[in-house]
A.B. asks: 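Take this structure first; my questions come after.
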Protein chains: 2
Amino acid sequence: MLYFIKLEMKYARRSGLQTQAKLKAAIKDLQVNSTPTISEFATWCLTNYSEIAFHSVRALADIANVNANTVVRFSKELGFKGYEDLRQNVQSTLRTTQTAYSKRADALIDRDENDLFSELKESYTLNSNTLFQPSTRSAIVDAANCIRSAEKVFTVGVRSSYSIAHYFSYVGSMAFENITRAPAEPGAIMDQLAKARESDVLVAISFSYYSAEIVRAAEIARAKRMKVIAITDSYSSPLTIDAAHVIEFPIEGPQYMPTLSAAFMAVELILAALASHSSNASGNIQKFEEQILKYGGYIS
Amino acid sequence: MLYFIKLEMKYARRSGLQTQAKLKAAIKDLQVNSTPTISEFATWCLTNYSEIAFHSVRALADIANVNANTVVRFSKELGFKGYEDLRQNVQSTLRTTQTAYSKRADALIDRDENDLFSELKESYTLNSNTLFQPSTRSAIVDAANCIRSAEKVFTVGVRSSYSIAHYFSYVGSMAFENITRAPAEPGAIMDQLAKARESDVLVAISFSYYSAEIVRAAEIARAKRMKVIAITDSYSSPLTIDAAHVIEFPIEGPQYMPTLSAAFMAVELILAALASHSSNASGNIQKFEEQILKYGGYIS
DNA sequence: TATAAAATAAAGCATTTGTATTTTTAATTG
DNA sequence: CAATTAAAAATACAAATGCTTTATTTTATA
């Protein structure tokens, strides 16, 4: 009787496992609701999902550092007949050549969405390729050098560009002492620039239409003879006036809004260029993260 | 002992990383310039490429309707030591989790800038390609549908992920009335969730290490029976527990920090998918921008 | 059409395979 | 702390695997 209930649960877990998402969700369930060893192996499987399709019981057990039988028990807990059964299911979720049935399901997806995605992909490729062109590349390297030798670095961006400014200054301030966090409160941009000096650098981020606050910030920096790094979509942008470095790339996308993915990449590239010349960047970040871990900011 | 030597040799003779395109080109070559049986089998392999990764010599021979030895000879003609060698190479081209870059924390220091940029470009391509894979794509579309039918949408992300949350919720709130801005002040996440109801949706963004605040927010949402959309780097993330939709992609890069560019793209894709079904999204944004222009937020 | 050469298939063999069964270890309970 | 149970590891074995060797068929050329 008890066995029957157990069996029922087993099959309930397996009900209609076809897609990768469903299968992973079932594994996730085991990670949470199972015995320690099975749970640990489930965790491994989630990050090494495709290996299940590729290896035998023992081979999988070897690379996952578990007992071979754990793999079999894991498969059965998931509701499969055995490992081979699980393996075939994983394989079918990884198959590039689809069966007639799933092809039909695919065809149901809104055609607009297919067009949309492929157009987005194309514009991502196009925009980000610009970043790797020699001229943009050297602008990025130069900007990084400029930042490195600055006394203090201020970053400004508002509205949707604030996310770019936030990312750059948040990660940057972890690793480099001279980088300060981008101001978020109203008026804080001016407060910050009021204290800025000639040896400081302003990273100004704005795209068409250009935000009045950022253009104004660049003007103030210019008046103070600070160096300005302009991250923008065109040389015709008012940010580029007297800018020390201009990182320029298109933000055009097929959607209703320009895409800022290239901008995000651009600041990541600056950060990477900065880190590549610093011996203690990763150390600083590690220290920072250890602190957060210590005080419960991250779950362990 | 002998086993170890054998294993070592196996891995030692595995030549440089093969791409799927190169391998398929080599198979294509055999299709044209080889003996009838091999050629026919090559044709089959091109349309059933992933099966090579999944099956044994005999199993593959069975489903392809050729002699088992044909499979071995085919492998050797391709320049591999045997079938097992070919199979491992095919597997590595199908692996969803790339390990090429994984742990290289300090390796960047004093690295040639050329290498750095090309490796970054490669990891961008790798990570963003994941977004366009069928499983991730459909997760994005499903998430967009979920958001569309939600009463209210809350977005949470802290530390570096806040930039992603900010972008999504800022642009999203312009176009869609049910999307609210991501909380920025300390404690605001809990304040917001306190008011949330079952018909609301939580978009939770966090990557390893997982932030305690976001994990907690997901827990609360779950307790309130809200739907959770998890944007994260692995199914093993605690955010995925009972999540309605999981958008999962790698964040590995060669630099000292993981790259969140793919995350940025992911939320842009969600926004695009949302907009593609909305007749007034671009109208809303235009109205919004006209307002800002009118009151001097943008320079003209 | 005879025959050497090439291509393919079959047979053979040591290893490895998947899973059922047994043993050991760890956790829980009275 | 002994008894009981659950979980994990070890063992066992028929079936399969990868690859080599041998046999057969096909092809090309004299």
Side-chain angles (χ1 to χ4, degrees), chain A residues 1-3 5-7 9-10 13-14 29-45 51-91, chain B residues 1-14 29-45 51-91:
Chain A
M1 186 53 195
L2 234 153
Y3 176 77
I5 293 167
K6 215 171 156 188
L7 200 81
M9 280 179 62
K10 257 185 190 171
R13 230 180 217 140
R14 187 177 122 82
D29 187 50
L30 274 194
Q31 184 196 25
V32 180
N33 303 315
S34 190
T35 59
T37 311
I38 297 282
S39 163
E40 202 179 330
F41 179 62
T43 309
W44 186 90
C45 282
E51 301 307 315
I52 300 171
F54 298 155
H55 303 285
S56 67
V57 171
R58 282 172 180 80
L60 195 73
D62 271 6
I63 53 174
N65 254 307
V66 296
N67 184 275
N69 216 10
T70 304
V71 177
V72 177
R73 274 181 290 115
F74 169 80
S75 310
K76 289 186 176 173
E77 291 261 323
L78 273 174
F80 294 100
K81 202 189 160 197
Y83 175 66
E84 190 52 38
D85 192 12
L86 161 66
R87 192 174 167 192
Q88 278 174 22
N89 274 270
V90 172
Q91 284 177 351
Chain B
M1 187 56 197
L2 232 152
Y3 176 75
F4 280 109
I5 294 167
K6 212 171 160 189
L7 199 80
E8 222 173 21
M9 281 178 62
K10 234 187 201 174
Y11 284 100
R13 79 160 310 290
R14 261 209 281 180
D29 187 52
L30 274 193
Q31 184 193 25
V32 180
N33 303 314
S34 191
T35 57
T37 312
I38 297 282
S39 164
E40 201 179 332
F41 179 60
T43 309
W44 185 89
C45 282
E51 300 307 316
I52 302 170
F54 298 154
H55 304 286
S56 68
V57 172
R58 282 175 178 81
L60 195 73
D62 272 6
I63 53 174
N65 255 308
V66 296
N67 183 273
N69 214 11
T70 304
V71 177
V72 177
R73 275 181 290 116
F74 169 80
S75 309
K76 290 186 175 175
E77 292 257 328
L78 274 174
F80 296 99
K81 200 193 163 192
Y83 175 66
E84 188 53 38
D85 193 11
L86 162 66
R87 192 175 168 192
Q88 279 177 19
N89 274 271
V90 172
Q91 285 177 349

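Chain A is the first sequence line, chain B the second, and so forth, proteins listed ahead of strands; every chain is numbered from 1.
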A.B. asks: Identify, between Pro36(B) and Ala68(B), the residue whose nearest nucleotide on DNA chain D lies closer to the 5' end.
C.D. replies: Ala68(B)

A.B. asks: Classify Val57(B) by what it touches in the nucleic acid, base, sugar-phosphate, or nothing, heavy-atom distance under 4.0 Å.
C.D. replies: sugar-phosphate

A.B. asks: Mind checking whether Leu60(A) and Glu51(A) have side chains closer than 4.5 Å, heavy atoms only?
C.D. replies: yes

A.B. asks: Can any side-chain N or O of Arg58(A) pair as donor or acceptor with the backbone N or O of Ala68(A) at less than 3.5 Å?
C.D. replies: no

A.B. asks: Looking only at side-chain N and O atoms, does Asn67(B) come under 4.0 Å of OP1 or OP2 in dA10(C)?
C.D. replies: yes

A.B. asks: To the nearest Å, how far apart are Asp85(A) CG and dT19(C) P?
C.D. replies: 8 Å

A.B. asks: Closer than 4.0 Å, any side-chain N/O of Arg73(A) to the OP1 or OP2 of dA7(D)?
C.D. replies: no

A.B. asks: Can you give me the closest heavy-atom contact between Arg87(B) and Phe54(B), atom names plus distance?
C.D. replies: NH2-O, 3.2 Å

A.B. asks: Would you say Lys76(B) reaches dG18(D)'s phosphate, i.e. side-chain N/O to OP1/OP2 under 4.0 Å?
C.D. replies: no

A.B. asks: To the nearest Å, give me how far apart CD (Glu84(A)) and P (dA15(D)) are.
C.D. replies: 16 Å

A.B. asks: State whether Ser56(B) places a side-chain N or O below 4.0 Å from either non-bridging phosphate oxygen (OP1 or OP2) of dA16(D).
C.D. replies: no

A.B. asks: Could you state the CD-P distance from Gln88(B) to dG18(D), rounded to the nearest angstrom?
C.D. replies: 11 Å

A.B. asks: Tell me the interatomic distance from Asn69(A), atom CG, to dT23(C), atom C1', rounded to whole angstroms.
C.D. replies: 12 Å

A.B. asks: Rounded off to whole Å, could you give me the CD-to-C1' distance for the Glu40(A) and dA7(D) pair?
C.D. replies: 14 Å

A.B. asks: Considering just the side-chain nitrogens and oxygens of Thr70(B), establish if one lies under 4.0 Å of OP1 or OP2 belonging to dT8(C).
C.D. replies: no

A.B. asks: Atom CZ of Phe80(B) and atom C1' of dG18(D): how far apart are they, to the nearest Å?
C.D. replies: 16 Å

A.B. asks: Ignoring hydrogens, what is the shortest heavy-atom contact between Ile52(A) and Val90(A)? Give both atom names and the distance.
C.D. replies: CG2-CG2, 3.7 Å

A.B. asks: How long is the line joining CG of Asn65(B) and P of dA9(C), in whole Å?
C.D. replies: 11 Å

A.B. asks: Under 4.0 Å between a side-chain N or O of Arg58(A) and OP1 or OP2 of dG18(C)?
C.D. replies: no

A.B. asks: Starting at atom CZ of Phe74(A), determine the distance to atom P of dG18(C), rounded to an integer number of angstrom.
C.D. replies: 15 Å

A.B. asks: Is there a donor-acceptor contact under 3.5 Å from the side chain of Gln31(B) to the main chain of Ala42(B)?
C.D. replies: no

